[in-house]
Peer 1: 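Handing you a structure now.
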Amino acid sequence: MKFRNQKLWALGLAATMVAASFTGCGNKTDADTNTTTAAGSTDSTTSAKADDPATTPDPNGPTSGKRSKANVTAAPTTRNVTIGAWYDFYYTSKDDSVDDDPNQANEEQGEAMLQSIRDVEKRYNCTVEVVNLTYEGTRDSINTSIMAGTPDCDIYLLDNSFGVPAVLNGYAEALEDFVAEDDDIWGDQTIMTSMKLPGADKTYMFAPQSGENVITGLYYLGCNLDLITQAGLENPQDLWDNNEWTWDKFEEYCLALTDSAKGTYGIGGRYTNFFIQLVMANGGAIAEGPQQGIDSPATIEAMDFFSKLASVDKVTQFNIDDWNTNETNYTDGKTAFWVTAQWISDSNADKDLPFEIAWVPFPIGPSGNKETNFYGVVGTTFYMIPKGAEDPTYIYNVFEDWKNWYNGDTSFRDADMTWWEDCALTERNYQYCWEAGKNRNHLDLWDSIGVDQNYVTGLITGEMTAAQAAEQYKQLYDDACKTYFGGN
Amino acid sequence: MKIKRFLAVVMTAAMAVSMTACGAKESDSTTKATTKAASTDKQDKTEATTAGTDAGQEATTKQASTGIEVSEVSLDFSDGNCAFMAPDAANAGADASTISVVDYEPATSGKAVSIVPASGFQYTAIDIASLFGEDVTKVHKISFTIGTQSPDDKFYATSGKVLAYVGEGRKETSMGAWSVYLDKKNPARITAELPAGTEFVADNFNYIVVSTDSDVAKTNGAGLTSYFIADVTFYDADGNVMVPADTSVAYAAPETGDPWEGLTYIVGEKELDEGFQNISGGGWAQNGINTTKNEDNPGTLDLSTLADDDIITVYYSCPDGAANCGSGNDMWLVAVGDYWVRCGGDQTADASVTGDYNADHNKWQIKVSDIQKCIATATGTDAADWRDTVAVLQCEAPADWTVQKVTVGKEGHAPYVVTDEVEFEDFAGISAGGWAQNGVNTTSNKDNPGTIDLSLIGDDDIVTVYYSCPDGAANCGSGNDMWLVAVGDYWVRCGGDQTADASVTGVYNADHSTFQIKGSEIQKCIATATGTDAADWRDTMAVLQCEGPADWTVYKVTVGKEAPSLYKVENETEIEDFAGISGSGWAQNGINTTNNVDNPGTFDPHVLKSGDVLTIYYSCPDGAANCGSGRDMWFVGVADYWIRVGGDQTANAEVPGIYSADHSKVQITYDDFVKCIGEDWTDTISVLQCEGPADWTVYKVTYGTIKQ
């Protein structure tokens, strides 16, 4: 896609955050910068406004409580729908110009967003206000006002640190109780996505969709196709498409492509990401809920395989003494596979490397399932409607319509994806990003819940077996999970 | 200026505030503050008397006009006292907020402490050590009412932390957080307590801080929010209210060592960009600000102002006890352009650039030229255009981190530590107006010989002027606000902005109470001004004067020898059992070594080797004779000998010891022991003691390797 203007596009959290703030994930280092240099200009197509999605109200339908969108009508008196957060969003009822958002890089999109708020105000007889409570204030508001039965805000932006415990403590309304069955969130999730926490009976957290939100924060296996082809091996992407990209096949490839005398290795790169990706590829998890999972059979199986590759097969090029080299060692063309992502491709200028690069999801483990495995640890920020909020259905529909400024036209919404495409290098690689993004709303706090991850390097060196790691760390994870998730 | 503008806004607004300086009586012409914070759920004040506290004073349960129920208050500020609260002097980034007692309707007594920030987020210390003395060890929990007042008529949410500085080392420990996030919940009642197993320690300047780290008013460009703290209650671990016996005590700043220890001393320091104030991130997360060269989202950070020889200093903190916090390489910069480069730290792009960390790990420095070096190494270019290609400059650390500010300055000279000071008579108490001179005739003055004998000033000797100028006066308290004027058949400024020789500005201490210049530098200034070598300046100078750009007073002028600087130490290890030992003046106390046949101790002196240095961390009572200057601490080695190592009565005159400027540390090397005792001292010494000429206390003794 071509775009009019070369712009830097601020990712994720928007608006008044002047500082470029990036969250690292994983052990040791994390340079998960997600700096997006969105490039190009939009082709002009101001997307024609879609027809008003509201259908004719059912005269016999409910006018309160859970009801379809058509039956969510204007409030009898103007209602101020408030969103509690720790930064400002655009565009809300206080804004009347595209320029009110200092970070708005695409004027057409800005106009559409501004129109969206005007439409919502009219349709629902409301105003939309983002109340900046500060981060600590958001936490306090959730923990005090909801418990008191009078939530300060109609919707809250959540951070995992307090959002997950709040949901597990019963502070949120369940989507199943107020979102109509025919809503997008239960179907294609074009407009809104959701996350159901492990152990929770219902779904409480939701977030607006965007192309960036679908594919951000994920990792893939980068492949040096020159090495693979020269060895007479098939393209792993073909194996993936044919459901043949398994651990056995991956190990076979790594053994065939490793020659320590020549300095060539099967797999290199960010070993902590590789580790947790293997766990997910086998259907495992470590800290996704109140019950820890490091000693689950699927996780132990993944740790065994990880350790075998490194300490027995010796097909890995993981440098546990100098993390920096892990992020760049594949660029010498001597590593067949590595952990990659858009930002890694960008920072190492993969487009200029002298060998062909393919991206493929991680191989599926013996206990894994291609359709249900997760391919990422959630980075999206979610929202909740607090218990005690007046007419959650009304609130939700205001929010959904407000966020659907593109009227379902995802090509318009995701017009500025050029940077993501460029980083992926090929169209085929880019499509795997979307495929992995389908199963991304997974919470595993294995490296951010206060438990050290020294066992990962122990598995690499062979000084620790998977069983030993599970035994030594299960209590630590158990205590941490119970402290963090509480709830159950 | 910002304070003046804020006051103007307050006065023109509908709110009138009666301010009482801490400790003074309230004036008669007070008007009540009409804060907007009061809840609409006003209730009549009720009073009830509850059981007395451990101080034997009555505690009362009152209901504030906000509807916040406050039971048992330790401090209601009705006496007008708040001198025990002040900006945290130990925190380099603490804002110089104005603190006073004011009328505050929501408070049970109608009084509160007002905190008006000067230019940044407030960081206010409550000196519980002074309030409670020995009983500070019992303080476990604090409750207080906090209200806010925005610079304009709107409400803006604010939040921050309640921190404890605990123990002998005053480790920062979180007690909790606070927020005032909605207008209808302004003020808020906050409770914070120490973690289980943590206690304050007496006689170690332990204190509590209430800090701000988020102010939506500032984010929105509306200015800085002010605060009211009222109805403060302290509790012990059993929940009993603690009431201080004396609230007239004043804040006693913690004794700190040289804040630049381990770092390059900086002069002309200024903030690199306000956007760095109080930014934070999780472990391994980055946060920072955009530069002016960021094509798509230009920021305010202008890197073109940085010279290669500038030094950037990051003031930071991380949570006590967190892994990777407080030691090692726990802060660095990240430069982002079409590259992503760590500058400093363990994972620096260039192995020769880690930056420098101070001992407290709350400051980290990097040379500007080293930023280029890291980018060059990472990109394989010379990165000569790095100032134009860096789009974002960030901070990062391996543990949750907060940066209070980032500054830039030039390498300067730390104030000299001077020994054997001799005072020049007749300077005491002289004064003059701004840009006026006053001084004393020298003995070389042919017409009217005075008392200043310039022959006492050797080339390497240090002349120190002790001075002051009025607070708030222009040109006072910063920059070059004092210098000497040499008068003969010449008139020459030595030091300051208008110095005769541009290489000689002199050295100012941090609070601008001393100005220092070397004898050789006085000669240099006269030489430059006269076009001669001025080798005979001691014979030609007729008058030695002082001058400053603001009204000034000089208390004394001295000449002394420059003492050596403390060594930088690697792998510093504490020797057990020295912590907390004490003695009276000229008394010794210490520990047995493993060589002690009768009663072996735990310390084996054989761990020491040539190149090592021992450091005594100590204190003596303020105002005591022989305390705080000169040689006020040393070692004594005992075996079949009794030998002083260091101090005025050292066994070897070459071994006086090296004292920190604030006389809280003294260093004596392994080789110093050899000089005093002998080559085999580690085989023979059976008792290692400390001694000082005034009552003394030792906090710890360490050993480590001198960093080359």
Peer 1: Could you work out, with ring-ring contact (aromatic ring centres under 6.0 Å, His included) as the rule, every residue matching A:Tyr473, not counting sequence neighbours?
Peer 2: A:Tyr455

Peer 1: Does anything in residues 142-153 of chain A get under 4.5 Å of chain B by heavy atoms, and if so which residues?
Peer 2: A:Thr144, A:Ser145, A:Asp152

Peer 1: Mark yes when over 12 heavy atoms from residues, nucleotides or ligands other than B:Lys293 sit less than 6.0 Å from its NZ; otherwise mark no.
Peer 2: no

Peer 1: Nearest heavy-atom pair of A:Asp140 and B:Tyr181: which atoms, and what distance?
Peer 2: CB-CE2, 3.9 Å

Peer 1: Applying side-chain contact (heavy atoms from CB on, under 4.5 Å), name anything that partners B:Pro298, two or more places apart in sequence or on another chain.
Peer 2: none

Peer 1: Any idea which heavy atoms bring A:Thr134 and B:Ser179 closest together, and the distance?
Peer 2: OG1-CB, 4.5 Å

Peer 1: Once salt bridge (Lys or Arg N to Asp or Glu O under 4.0 Å) is applied, do any residues pair with B:Arg189, and if so which ones, sequence neighbours excluded?
Peer 2: none

Peer 1: Tell me the closest heavy-atom pair linking A:Gly137 and B:Ser159, and the distance in Å.
Peer 2: N-CB, 4.5 Å

Peer 1: Do A:Asp88 and B:Val216 pass the side-chain contact (heavy atoms from CB on, under 4.5 Å) test, and can you show the C-alpha distance, the side-chain angles, and the key distance before you say yes or no?
Peer 2: CA-CA 10 Å; A:Asp88 289 329; B:Val216 178; 5.6 Å; no

Peer 1: Rounded to the nearest 0.5 Å, how far apart are CG of A:Asn132 and OG1 of B:Thr158?
Peer 2: 10.5 Å

